[in-house]
Each structure stands twice: as C-alpha cells, then as structure tokens.
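Written out below as structure tokens is the structure these notes cover.
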Amino acid sequence: MNKEYEKILGIRIRELREKSGLTQEQLSAKLQVNGCDITRSALAKIEAGQRHLYPDEIKLLKEILSVSFDDIFM
C-alpha cells in the first residue's frame, strides 16, 4: 500500500475516532470485544500511518464508529 495513502487513512481514522468521543484505548477495547485483537499501540500506529489496516479491522471500525466506508476512505 502507498505510504502516503496509509498516512491519510490513519489521519482519517483518528478524526472519526475523535468525532465519536473515543480515546485510542476505548476504541481498541471495543475492537477487541468484537473479536479484533488490536492493542492501543497498534491503533496508534495505524493513525500515524505506520501500520496498514486489514479488511476485518476496517469493517469493525465502520460499525463501531457508525460511519460508512465512504466516510473512512474519503
């Protein structure tokens, strides 16, 4: 995946998380409860564009943050 796009996607995830009023810790806990084994540290790396997202993570983020795929991939 393109590093620049990963950085933009990470920023977008952070914006959506903050708009939902969640901390990284809270969002990672919600992901874990729903079967996605992701730590706060891994989420921080995603938001910084240092780790890519897997399809199952994207799907869960969409559901937990109550957004559309278009909102995520703007």
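These numbers were taken from a predicted model, which means no experiment stands behind them.
Using a 4.5 Å heavy-atom threshold, the side chains of Leu31 and Glu57 count as separate. A heavy-atom distance below 4.5 Å is not found between the side chains of Leu61 and Val67. Side-chain contact check for Leu27 versus Ile38: every heavy-atom pair is 4.5 Å or farther apart. Using a 4.5 Å heavy-atom cutoff, the side chains of Leu53 and Ile13 are in contact.
No more than 12 heavy atoms of other residues, nucleotides or ligands lie within 6.0 Å of NZ in Lys30, so this atom counts as exposed by the packing criterion.
Contact detail for Arg51 and Ile46: the closest heavy-atom pair is NH1-CD1, 3.0 Å. Of all heavy-atom pairs between Leu43 and Arg17, the closest is CD2-CD, 4.4 Å.
Between Glu63 and Lys59 a salt bridge is recorded (basic side-chain N to carboxylate O distance below 4.0 Å).
Glu15 CD to Ile72 CD1: the interatomic distance, rounded to the nearest 0.5 Å, is 12.5 Å. Gln26 contributes atom CD, which lies 12.5 Å from atom CZ of Arg40 (distance to the nearest 0.5 angstrom).
When the side chains of ILVMFWY residues are joined at heavy-atom separations under 4.5 Å, either directly or via intervening members, Leu16 and Phe73 end up in a single hydrophobic cluster. In the hydrophobic clustering of this structure, Phe69 groups with Tyr5; members are Ile, Leu, Val, Met, Phe, Trp, Tyr whose side-chain heavy atoms approach within less than 4.5 Å, directly or through other members.
A donor-acceptor pair under 3.5 Å is formed between the side chain of Arg12 and the backbone N or O of Asp71.
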